[in-house]
Enquirer: 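I'd like to ask you about the structure that follows.
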Amino acid sequence: MEIAVLGGAEEIGANATFIKIGDCSLIIDAGSHPRNKDITFAPNLHPIQEEIISAIILTHSHTDHIGALPILAHTFPTAKLYSTEPTRDIAEIMLRNSTKLLHFGNNPLQVEEYLDIYKKPFIEVLLQLIHTRRTKEPFSVQSVLNSTSVEATFYDAGHILGAAGVLLQSKQGSIFHTGDFLQENQYVIGKADFPNHHIDVLVTECTNGADKEPISRNEQELALTNFINTVTNDNGSVLIPTFSLGKMQEMLRLMNILMNRNSIPTIPIITGGMGRKVCELYDRYCYTGSRVNPGFELADIEQERLPTKELLKGRYFKTPSIVLTTSGMLHSGTPSYKLAVEWMKRPNFGIAIVGYQDPTCEGFALEQSVKGEEFKFGSYTATRNCLLERFRFSAHATKEQILSVVEQHSPNKVFLIHGEYESCSEVALSLVQRGFKGEIVIPTKGKRYQYSLTSEASQFFQ
Ligand SMILES: [Zn+2]
Ligand SMILES: [Zn+2]
């Protein structure tokens with residue numbers, strides 16, 4: 001058995017894990033890097049360029065897991081593509097919008113050779129090629145020579161609609177790849193439902209591994225409630241920049257819950273962007289996967305469409321409202337960005353930052369801004385006069401949940417990925433402190449690690 005992390009080692013972005021079992025080679029995820037504009041936009045395929053890939057299996061449809069699918073599918077034409085059904089449908093929205101994938105703010109991707117395969121005809125064919133599989137229903141992945149058969153099974157991972165961990169079983173041993181996961185209920189998506197038995201090799205995400213204290217969802221909920229009440233009591237509106245996939249749906253449902261509880265006033269909710277399309281898929285699959293309230297539909301929440309063409313004439317400037325927009329990182333030119341510029345001029349308005357802000361993005365500059373002081377917001381010199389507060393509603397496992405997944409599977413080896421080095425090493429340290437006896441690997445990107453069930457002290461070597 002061989003494993004090589006081609007992207008997502010000591011970082012978050014361009015996730016892809018190569019796994020070879022016997023002569024069956026497959027890749028889990030085909031992500032793009034949210035920041036990189038050069039060749040590192042895609043996973044590093046160099047170490048596996050001689051391989052004949054049987055399958056590319058997608059854990060979920062965030063772009064750091066599917067954004068480079070056109071490139072991987074093009075590079076490995078023998079690979080069959082697999083995902084859950086919701087993941088395929090969301091991928092359709094994300095990839096059809098793929099020109100956006102190639103533009104970051106106003107900066108286009110600077111790799112000419114990739115541009116063609118992100119055009120419509122290739123994307124349309126690609127989408128037809130994705131085979132969907134249900135969770136907990138094993139399917140077989142054959143090596144190209146038919147000499148090795150690997151049984152693959154999806155397991156609900158929480159996180160977002162369609163997200164799944166992948167179990168691979170064969171005579172050579174078992175591997176479980178968590179993908180991105182969360183072991184607690186959010187507001188729409190329920191918690192992960194992973195296999196409950198020994199696994200030889202575990203590959204787990206570590207996004208939140210460096211958090212010293214777990215963030216309490218209830219405390220964050222209360223803080224956001226207070227923030228909304230402070231703003232609306234002063235006749236202001238609240239802007240919540242969100243990501244169209246996951247954060248938008250969870251925040252929309254949270255607003256609905258808070259209004260139903262009378263924790264915040266019942267005021268207009270305005271939603272916009274691609275997030276609304278994703279909401280439709282959340283509703284189409286309202287009985288699928290891990291759900292907090294199976295059957296609940298987001299369309300039943302009273303909401304108005306963001307007037308994208310007349311943003312500055314929206315009713316939110318006249319009457320207290322809650323506005324959920326994309327982009328989550330407030331990239332220049334997006335509705336989030338344009339509205340934030342207007343929000344900042346109004347001392348009684350408030351911006352609630354609920355998602356991760358990359359240090360290079362406009363949202364990060366806004367988050368760091370000091371009230372009443374000038375700062376650079378994209379190309380604009382802004383002064384923030386409105387209120388602003390940061391909240392954390394992570395869809396990723398806490399460190400404690402990562403440790404308990406390792407305990408649950410008692411693997412011989414664990415690979416720590418999808419996290420900065422600090423996050424992975426904190427998880428490694430905690431595992432050692434808890435007496436974990438297996439081998440811990442914080443993989444180097446592109447390095448091939450070998451593992452054999454038959455050798456007593458399973459060895460990893462380059
Ligand atoms: Zn994700
Ligand atoms: Zn991810």
Side-chain angles (χ1 to χ4, degrees), residues 5-17 27-36 40-43 56-69 72 83-84 86-91 93-95 101 154-166 177-184 186 188-192 194 203-211 242-251 274-275 278 281-282 289-290 326-329 354-358 392-399 401-402 405 415-421 423-424 427 443 445:
V5 179
L6 310 171
E10 298 177 30
E11 62 174 1
I12 296 171
N15 287 283
T17 305
I27 300 172
I28 296 189
D29 284 336
S32 57
H33 200 288
R35 233 179 11 239
N36 298 359
T40 58
F41 165 81
I56 297 170
I57 304 178
L58 305 171
T59 62
H60 67 293
S61 43
H62 273 143
T63 50
D64 62 321
H65 298 261
I66 63 151
L69 184 61
L72 269 72
S83 76
T84 63
T87 292
R88 196 267 321 268
D89 288 356
I90 303 170
I93 296 178
M94 309 298 270
L95 292 174
L101 276 177
F154 285 123
Y155 284 84
D156 278 325
H159 189 57
I160 60 163
L161 175 68
V166 182
H177 191 300
T178 64
D180 292 357
F181 76 100
L182 180 60
Q183 287 283 19
E184 67 187 52
Q186 299 177 68
V188 181
I189 299 297
K191 62 184 176 184
F194 282 167
V203 182
T204 180
E205 72 129 316
C206 293
T207 314
N208 290 334
D211 284 353
T242 60
F243 300 99
S244 54
L245 172 53
K247 197 68 79 187
M248 163 79 88
Q249 294 73 33
E250 297 296 342
M251 285 298 115
M274 211 163 69
V278 177
L281 287 180
Y282 267 63
S290 184
T326 54
S327 86
M329 292 194 201
V354 295
Y356 170 74
Q357 300 300 325
D358 186 274
R392 289 233 13 222
F393 292 95
S394 181
H396 293 274
T398 62
K399 184 167 82 175
Q401 290 168 9
I402 298 166
V405 164
F415 282 77
L416 304 175
I417 63 161
H418 197 290
E420 304 294 332
Y421 180 77
S423 304
C424 298
V427 172
K445 185 168 161 178

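Just so you know, ligand 1 is whichever comes first in the structure, and atom 1 is the first atom listed for that ligand.
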Enquirer: May I ask you to check whether H159 brings an N, O or S atom to under 2.8 Å from the Zn ion (ligand 1)?
Expert: yes
Enquirer: Are any non-hydrogen side-chain atoms of M329 and Y356 less than 4.5 angstrom apart?
Expert: yes
Enquirer: Less than 6.0 angstrom separating the ring centers of H418 and H177, yes or no?
Expert: no
Enquirer: Would D64 count as a contact for the Zn ion (ligand 2), in the sense that one of its N, O or S atoms lies under 2.8 Å from it?
Expert: yes
Enquirer: Does H60 bring an N, O or S atom to under 2.8 Å of the Zn ion (ligand 2)?
Expert: no
Enquirer: State, without any angle test, whether D29 and T59 hold a side-chain donor-acceptor pair at a distance under 3.5 Å.
Expert: yes
Enquirer: Is there a donor-acceptor pair closer than 3.5 Å between any side-chain N or O of Q357 and the backbone N or O of G328?
Expert: yes
Enquirer: Does H62 bring an N, O or S atom to under 2.8 Å of the Zn ion (ligand 2)?
Expert: no
Enquirer: If I take the Zn ion (ligand 2) as the centre, what angle separates the OD2 atom of D180 from the NE2 atom of H418? Nearest 10 degrees is fine.
Expert: 100°
Enquirer: Which atom names give the shortest non-hydrogen contact between F41 and G67, and what distance separates them?
Expert: CZ-O, 4.3 Å
